[in-house]
Peer 1: 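Before I ask anything, let me first share the structure, which is written out below as structure tokens.
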Amino acid sequence: MMISLVENQAVQAELLTDKAKLWQQVELAVSKTPAIDVHTHVLPPEFKGLFLSGIDELLTYHYLIAETFRSTDLTPACFWRMTKPERADLVWKTLFVENTPLSEAARGIVSILNAFDLDTRAPNLDQARAFFSSQKPGEHLDRVLQIACVTDLVMTNDPFHEQEAQAWTAGVIPDTRFHASLRLDSLLNDWPAAAETLSQKDFIVEQDLSGKSHSELRRFLDKWIARMCPLYMAVSLPADFKYPDDDVRDRLIREVVLPSASEHGLSLAVMMGVRRGVNPALRAAGDGLGRADVSALERMCVEHPNVRFLATVLSRENQHELCVAARKFNNLMPFGCWWFLNNPSIVSEITTERLELLGPSFVPQHSDVRVLEHLIYKWQHSRVVIAASLYETYERLLDSGRAVTSKEILRDVTRMFSGNFRDWVVGLS
Ligand code: RAT
Ligand code: ZN
């Protein structure tokens, strides 16, 4: 659906030869075009105990925990012994009172507080806590989505996560704006433990994938696909991931996951370059990154032309290779500026590079949020940078002799913020 920011048809069709006017239209389109957030970790309020919202959750985001340890002598062991409100107090005191919140994740909290007219220089969290605890969850959710200008978001749903699996099994139906993605990390990245769990749940699988393992794994995936109706399947992969390889993960991908994706018409999202547990003492804040081998992704694309791949890579050094791979394979859709890349300088670089190599045929951003209100800053900050990159691209086009209209700008932004993803998945009307 294309939104109509400029009602008047004649104005929409006007050639934007004036650069100030061009900027105004680009800025308007990028800030107001609704986005589908294609990868998040936020669950809807219906998933009791798993829906995260409010200042204590916001401040104990693993990005900020890692940053806090750079400015305190407290040990991780002491930190983990604290309650969540105590941790949030410490993060606030360390990063926002004793220091200036200069980092992107810290500035994000400022943007969130500001969006709700809360004191961004408060000496403590009393005001913020009172505000968030007084919100009605449904209304608050609507308000956050409206501020972030996000219509739909995709969750990360791991059938091996006990608490979440229980909710699905009990028939909890998520808010219609929340869509599932079937996350395969537990299955693909820790097969021995997954096989053990599956055996306990009456799936007859063997560690060496012999016997009925294949059909049982397909039965497992079929069951969860029927239950969650995911828009895609997804896995994050380590920096040293190879394809082909001679390990069990290769066989699982080749013999179980890709045939299942093909049969159900589901895309596979491949997220490459994580190094889990670089500093285990920091728990979820202790993951790092490494340069991945993008040719592994190319080989998956060439071997499986009937499967659509969504792909994001964590290392800055891999970004250009991903763009070039996408030029070769129209079953490959680059998405987002992931995790450590979600900083203005890098989002700007990646977005410009993608526009130069792929035109509008990519998904510029996803939020990766874990806490509802993160949506506000992740989308506000990204939109500012994307608008600037897109403006420069149109400006160069204008200098080369072709002006665009606001209708064309809207068409391009709509394609990037929702259309490309809609075309890639089934079940999102
Ligand atoms: O980006 C993040 O917040 C990470 O912690 C991970 O969740 C990563 O996005 C992933 O999906 O593995
Ligand atoms: Zn994620």
Side-chain angles (χ1 to χ4, degrees), residues 35-43 50 52-53 57-69 91 103-106 108-109 112 150 153-161 164 178-190 230-241 249 267-290 292 297 309-316 318-319 322 334-343 346-347 350 363-379 381-382 421:
I36 298 176
D37 197 335
V38 308
H39 169 61
T40 77
H41 296 263
V42 80
L43 289 154
L50 294 170
L52 303 184
S53 166
E57 299 294 352
L58 288 166
L59 288 171
T60 51
Y61 189 28
H62 64 83
Y63 293 28
L64 292 174
I65 290 176
E67 290 173 26
T68 299
F69 283 115
V91 172
S103 77
E104 174 63 8
I109 299 292
I112 296 167
V150 166
L153 43 92
V154 184
M155 312 171 273
T156 295
N157 307 96
D158 177 2
F160 288 87
H161 185 292
E164 191 189 328
F178 287 69
H179 307 274
S181 69
L182 177 53
R183 183 73 174 231
L184 303 174
D185 284 38
S186 303
L187 183 72
L188 297 179
N189 293 334
D190 191 3
L231 294 185
Y232 59 81
M233 296 199 259
V235 61
S236 79
L237 294 163
D240 59 6
F241 170 72
R249 180 170 50 210
S267 305
L268 178 64
V270 179
M271 306 171 69
M272 297 171 78
V274 195
R275 286 169 57 237
R276 300 277 178 204
V278 169
N279 183 354
L282 296 191
R283 300 189 185 173
D287 297 341
L289 68 81
L297 183 60
F309 294 89
L310 286 152
T312 199
V313 278
L314 196 49
S315 151
R316 181 184 176 202
N318 278 142
Q319 301 307 320
L322 178 62
F335 76 94
C337 300
W338 181 23
W339 200 345
F340 308 112
L341 302 165
N342 191 4
N343 305 307
I346 303 186
V347 175
I350 295 176
V363 177
Q365 192 54 307
H366 70 272
S367 73
D368 238 309
V369 297
R370 280 164 194 268
V371 185
L372 177 71
E373 298 85 3
H374 280 150
L375 285 167
I376 294 173
Y377 98 78
K378 299 255 183 172
W379 282 100
H381 294 194
S382 291
F421 183 69

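Counting starts at 1 for both ligands and their atoms, in listed order. All figures in this text were calculated on a predicted structure; none of them were measured in a lab.
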Peer 1: Quick check on side-chain contact (heavy atoms from CB on, under 4.5 Å): which of V274, I350, V313 does W338 satisfy it with?
Peer 2: V274

Peer 1: With heavy atoms only and a cut-off of under 4.0 Å, state how R183 meets ligand 1: side chain, backbone, both or neither.
Peer 2: side chain

Peer 1: M272 and side-chain contact (heavy atoms from CB on, under 4.5 Å): which partner among L289, L297, L322?
Peer 2: L297

Peer 1: Exactly one of L50, V371, D37, V369 should register a side-chain contact (heavy atoms from CB on, under 4.5 Å) with V42. Which one does?
Peer 2: V369

Peer 1: Just let me know how R276 lines up against ligand 1, side chain, backbone, both or neither, with a heavy-atom cut-off below 4.0 Å.
Peer 2: side chain

Peer 1: Please list the nearest protein heavy atom to atom 6 (C) of ligand 1 with its residue and the distance rounded to 0.1 Å.
Peer 2: R370 NH2, 3.3 Å

Peer 1: If you have a sec, work out which protein heavy atom is nearest atom 3 (O) of ligand 1 and how many Å separate them, to one decimal?
Peer 2: H62 NE2, 3.1 Å

Peer 1: Does S181 reach the main-chain N or O of M233 with its side chain, forming a donor-acceptor pair under 3.5 Å?
Peer 2: no

Peer 1: Verify, without hydrogens or angle tests, whether D368 (side chain) and T40 (backbone) share a donor-acceptor contact under 3.5 angstrom.
Peer 2: no

Peer 1: Using 30° and 60° as the class boundaries, would you call the ring planes of Y63 and W339 parallel, tilted or perpendicular?
Peer 2: parallel

Peer 1: Just to confirm my output: which protein heavy-atom neighbour is closest to atom 8 (C) of ligand 1, and how far is it?
Peer 2: W338 NE1, 3.5 Å

Peer 1: In D368, which N, O or S atom comes closest to the Zn ion (ligand 2)?
Peer 2: OD1

Peer 1: What atoms of ligand 1 come within less than 4.0 Å of a heavy atom belonging to M271?
Peer 2: 11 (O)

Peer 1: Taking the Zn ion (ligand 2) as the reference point, name the nearest N/O/S atom of H41.
Peer 2: NE2

Peer 1: Just checking, is any N or O donor in the side chain of N342 or E104 under 3.5 Å from an acceptor N or O on the other one?
Peer 2: no

Peer 1: Quick check on contacts: which atoms of ligand 1 are under 4.0 angstrom from a heavy atom of H39?
Peer 2: 9 (O), 11 (O)

